[in-house]
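Worksheet for the structure shown next.
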Amino acid sequence: MKKKISNKIWKDILSEISTRVTGPSYNAWFKTLTPLSIDEEAGVLYFASTVDRVIQVLNMRYIPVFEESAEIVLKKKYKVVATLMSSDEIKENLGKTEERKPESASPRMASPSPENNEFREEYYANPKYNFDNFIVGPNNEYAHAVALAVAQSPAKLYNPLFIHGGSGLGKTHLMHAIGHYILENSPEMKVLYVSSEMFTTELIKALQDTRNKDRRMHSFTAKYRNVDVLLIDDIQFLEGKQSTQQEFFHTFESLHENGKQIVISSDRHPSKLTELDDRLRSRFQWNIVADIQPPDFETRVAILINKAEQENIEIDNDMLEVINLIAEKVKFNVRELESALTRIISYSTLFNKKITAKFATSTLSDIFKAEDYDISCETIKRAVCKHWSIKISDIESSKRKREYAFPRQVAMYLCREMTNLSLPQIGKYFGGRDHTTVMHAIDKIEKEIKDNPLFAQDIKNLKNDIY
């Protein structure tokens with residue numbers, strides 16, 4: 001026979017759960033559940049939520065944790081059943097006098113308002129992406145510092161905040177971390193995290209509904225302009241989409257004028273988003289532009305140690321050797337770095353093998369082979385020519401026009417920086433030039449890097465492309 005779960009039992013279960021999961025996971029997937037009933041004879045605990053994603057994540061990841069915590073509190077094994085219900089269905093199950101209000105706002109990134117039910121496709125906060133497990137190093141310390149400042153004081157210090165860097169370096173992690181922090185400390189705030197592709201898709205849906213275009217557009221603008229914090233990822237995908245850019249411009253203006261926080265990420269500096277409207281590129285640079293670079297060796301090691309600890313892997317001498325090996329081989333993408341370690345751990349579990357350097361080398365042979373290459377002068381020349389839209393024959397020729405001479409000097413500088421070639425050897429790759437010409441080119445580019453921060457960033461990005 002079913003009976004109501006007492007507040008004390010529920011609080012005790014929550015307390016036990018909180019010791020087993022991270023703070024963001026606890027707040028996102030457990031704290032807002034409604035306990036319905038307990039069937040002691042059948043050994044079942046029933047819970048409900050009005051949020052589909054909460055039920056999905058619980059059933060995919062956290063039911064074993066839930067059941068273990070309940071067993072500790074109730075001294076008996078219970079099966080946990082979590083069900084999606086409407087508010088009315090929950091009331092019907094509890095009885096109107098027993099209705100339980102949630103303790104805090106759902107930490108999903110952001111609840112649609114009643115007038116906005118047509119656009120529910122927002123993303124949810126990834127419980128793994130928070131400030132506590134973001135490894136800070138010289139490559140990302142500035143981006144981390146300004147992201148934390150924004151999370152602590154939305155729209156007070158840095159608005160807009162623009163974060164850029166290559167794929168897999170932690171931009172999305174910081175975006176989610178900002179959302180988590182704000183929702184944990186100011187649960188009343190509306191925080192929306194979307195990709196630029198989602199923004200575009202929803203706008204197209206609104207515009208294509210010719211019968212209800214006005215109503216649909218009102219619903220669309222209500223979703224995006226009635227939030228306190230807008231986190232929009234991969235803004236580079238708006239390039240070449242004029243109608244979407246225009247709508248985002250108006251969204252940006254509305255939020256900024258009303259003192260709402262805007263955080264944007266991209267794979268490039270705003271000045272390099274050449275197919276974006278000039279007005280948008282200008283506004284993206286109004287305040288803080290922070291870049292994330294590939295992590296150095298020490299930071300890569302710290303990332304892998306943190307990952308191993310999250311997986312409850314003992315860091316013995318063999319494991320430390322494996323971590324150092326991966327850090328030496330996988331240099332430019334944090335996502336690939338963590339993925340490499342995850343593969344080793346899963347293979348070790350699957351085949352019951354001890355994790356050693358030999359086992360790691362065998363397991364990651366495809367990755368290590370791809371990473372073990374020497375950067376050639378030809379690779380550099382191809383990358384430079386692609387960047388400036390010229391032919392390789394142009395920088396190997398004697399042409400002295402700046403449109404050819406400057407990329408040639410950049411390529412010479414990069415050959416000196418990224419290869420073991422001597423000055424005379426580099427000269428041979430550029431039409432048999434004298435080593436003094438190469439020295440002049442290197443000196444000129446070094447001075448330009450020192451005097452021009454935007455050009456220095458351009459060179460960093462070019463190096464990443466070459467790697």
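This structure is a prediction, so every number in the text was calculated from the model and none was measured.
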Legend entry - From CA spacing to verdict: side-chain hydrogen bond (donor to acceptor under 3.5 Å, both in side chains), Ser376, Thr379: CA-CA 5 Å; Ser376 70; Thr379 300; 2.9 Å; yes
Legend entry - Ion pair Arg268/Glu239, N-O distance below 4.0 Å: yes
Inset, instruction - Considering only NZ, NE, NH1 and NH2 on the basic side and carboxylate oxygens on the acidic side, decide whether Lys381 and Glu396 come within less than 4.0 Å. - result: yes
Inset, instruction - List the steps, then state whether side-chain contact (heavy atoms from CB on, under 4.5 Å) holds for Phe131 with Leu148. - result: CA-CA 8 Å; Phe131 285 116; Leu148 182 58; 3.9 Å; yes
Inset, instruction - With rounding to the nearest 0.5 Å, note down the distance linking CG in Leu304 to CG in Asn324. - result: 9.0 Å
Inset, instruction - Write down the atom of Ala147, the atom of Ile178, and the distance for their closest heavy-atom approach. - result: O-CG1, 3.6 Å
Legend entry - Side chain Gln261, main chain Pro154, donor-acceptor under 3.5 Å: no
Legend entry - Heavy-atom pair with the smallest gap, counting every atom of Ala327 and Val301: CB-CG2, 3.8 Å
Legend entry - Note, Tyr142 side chain near Ile292 side chain (heavy atom, < 4.5 Å): no
Inset, instruction - For Asp277 and Gln246, indicate whether the former's side chain and the latter's backbone hold a donor-acceptor pair under 3.5 Å. - result: no
Legend entry - Distance-only side-chain donor-acceptor flag, Asn461 / His269, under 3.5 Å: no
Legend entry - Exam field: side chain Arg279 to backbone Phe249, donor-acceptor pair closer than 3.5 Å: no
Inset, instruction - Please work out which of the three classes, parallel, tilted or perpendicular, describes the rings of Phe162 and His164, given edges at 30° and 60°. - result: tilted
Inset, instruction - List the steps, then state whether side-chain hydrogen bond (donor to acceptor under 3.5 Å, both in side chains) holds for Tyr224 with Glu202. - result: CA-CA 11 Å; Tyr224 286 97; Glu202 293 191 338; 2.8 Å; yes
Legend entry - Heavy-atom donor-acceptor pair, Thr299 side chain to Pro295 backbone, under 3.5 Å: no
Legend entry - Ion pair check, Glu253 and Arg283, cut-off under 4.0 Å: yes
Inset, instruction - Might you confirm whether atom CE of Met85 has over 12 heavy atoms from other residues, nucleotides or ligands at distances under 6.0 Å? - result: yes
Legend entry - Under 3.5 Å: donor-acceptor pair, side chain of Asn140, backbone of Gly137: yes
Legend entry - Ring-face cation of Arg433 near Phe430 (centre distance under 6.0 Å, axis angle within 45°): no
Inset, instruction - State the NZ-OG distance between Lys391 and Ser397, to the nearest 0.5 angstrom. - result: 11.0 Å
Inset, instruction - Provide the closest heavy-atom pair for Pro407 versus Val384 in the form atom of the first, atom of the second, distance. - result: O-CG1, 3.4 Å
Legend entry - Heavy-atom neighbours of Phe47 CZ exceed 12 at 6.0 Å: yes
Inset, instruction - Take Asp296 and Arg300, measure what salt bridge (Lys or Arg N to Asp or Glu O under 4.0 Å) needs, and give me the verdict at the end. - result: CA-CA 6 Å; Asp296 60 15; Arg300 297 197 297 273; over 6 Å; no
Legend entry - Contact summary for Leu33 and Ala48, nearest pair of heavy atoms: CD2-O, 3.5 Å
Inset, instruction - Step by step, work out the side-chain contact (heavy atoms from CB on, under 4.5 Å) result for Ile380 and Tyr429. - result: CA-CA 11 Å; Ile380 292 170; Tyr429 279 100; over 6 Å; no
Inset, instruction - Using a 4.5 Å cut-off on heavy atoms from C-beta on, say whether the side chain of Gln293 contacts that of Gln457. - result: yes
Inset, instruction - Nearest 0.5 Å please: distance from the OH atom of Tyr413 over to the CD1 atom of Ile426. - result: 11.5 Å
Legend entry - Modelled atom types, side-chain donor and acceptor of Asp234 and Ser195, under 3.5 Å: no
Inset, instruction - Enter the distance from Gln310:CD to Leu341:CG here, rounded to the nearest 0.5 Å. - result: 10.0 Å
Inset, instruction - For residues Ile232 and Ser265, determine if any side-chain heavy atom of one lies less than 4.5 Å from a side-chain heavy atom of the other. - result: no
Legend entry - Working for side-chain contact (heavy atoms from CB on, under 4.5 Å), residues Asn130 and His176: CA-CA 7 Å; Asn130 54 69; His176 280 268; over 6 Å; no
Inset, instruction - Assert yes or no for the condition that the ring centre distance of His180 to Tyr129 is strictly below 6.0 Å. - result: no
Legend entry - Side-chain heavy atoms of Ser186 within contact of Glu188, under 4.5 Å: yes
Legend entry - Heavy-atom side-chain proximity of Phe66 to Tyr62 below 4.5 angstrom: no
Legend entry - Steps toward side-chain contact (heavy atoms from CB on, under 4.5 Å) verdict (Leu84, Ser49): CA-CA 5 Å; Leu84 177 68; Ser49 173; 5.6 Å; no
Legend entry - Rounded distance (nearest 0.5 Å) linking atom CZ of Phe199 with atom NZ of Lys241: 11.5 Å
Inset, instruction - Please check if the side chain of Gln245 supplies one atom and the backbone of Glu275 the other of a donor-acceptor pair under 3.5 Å. - result: yes
Inset, instruction - State, with a plain yes or no, whether a side-chain heavy atom of Phe252 is found less than 4.5 Å away from one of Ile262. - result: yes
Inset, instruction - Would you please say whether a donor-acceptor pair under 3.5 Å links the side chains of Asp233 and Tyr193? - result: yes
Legend entry - Short side-chain donor-acceptor distance under 3.5 Å, Ser339 and Thr342: no
Inset, instruction - Could you check whether the rings of Phe406 and Phe455 sit parallel, tilted or perpendicular, using 30° and 60° as the cut-offs? - result: tilted
Inset, instruction - Identify whether the distance between the nearest side-chain nitrogen and carboxylate oxygen of Lys272 and Asp458 falls below 4.0 Å. - result: yes
Inset, instruction - Using atom types as modelled and distance alone, determine if a side-chain donor or acceptor of Asn258 lies under 3.5 Å from a backbone N or O of Lys260. - result: no
Legend entry - Trp286 side chain reached by Pro160 side chain, heavy atoms, under 4.5 Å: yes
Legend entry - Atom pair OH/OG of Tyr404 and Ser393 - distance to nearest 0.5 Å: 9.0 Å
Inset, instruction - Please lay out, stage by stage, how Lys399 and Asp394 fare under the test salt bridge (Lys or Arg N to Asp or Glu O under 4.0 Å). - result: CA-CA 7 Å; Lys399 296 176 182 178; Asp394 291 328; 2.8 Å; yes
Legend entry - Closest non-hydrogen atom pair, Ile17 against Ser69: CG1-OG, 3.4 Å
Inset, instruction - For residues Lys329 and Ile326, determine if any side-chain heavy atom of one lies less than 4.5 Å from a side-chain heavy atom of the other. - result: no
Inset, instruction - State plainly whether the residues Asp228 and Lys190 are in salt-bridge range, i.e. N to O under 4.0 Å. - result: no
Legend entry - Whether over 12 other heavy atoms sit under 6.0 Å from Tyr347 OH: no
Inset, instruction - Answer yes or no: is there an ion pair linking Arg281 with Asp278, defined by an N-O contact shorter than 4.0 Å? - result: yes
Inset, instruction - Using atom types as modelled and distance alone, determine if a side-chain donor or acceptor of Thr201 lies under 3.5 Å from a backbone N or O of Glu197. - result: yes
Legend entry - Trace of the salt bridge (Lys or Arg N to Asp or Glu O under 4.0 Å) decision for Lys444 with Glu448: CA-CA 6 Å; Lys444 182 175 180 179; Glu448 187 70 19; over 6 Å; no
Inset, instruction - Report yes or no: does Ser254 contribute a side-chain atom to a donor-acceptor pair with the main-chain N or O of His250 at less than 3.5 Å? - result: no
Legend entry - Donor-acceptor under 3.5 Å (Ser346 side chain, Arg343 main chain): yes
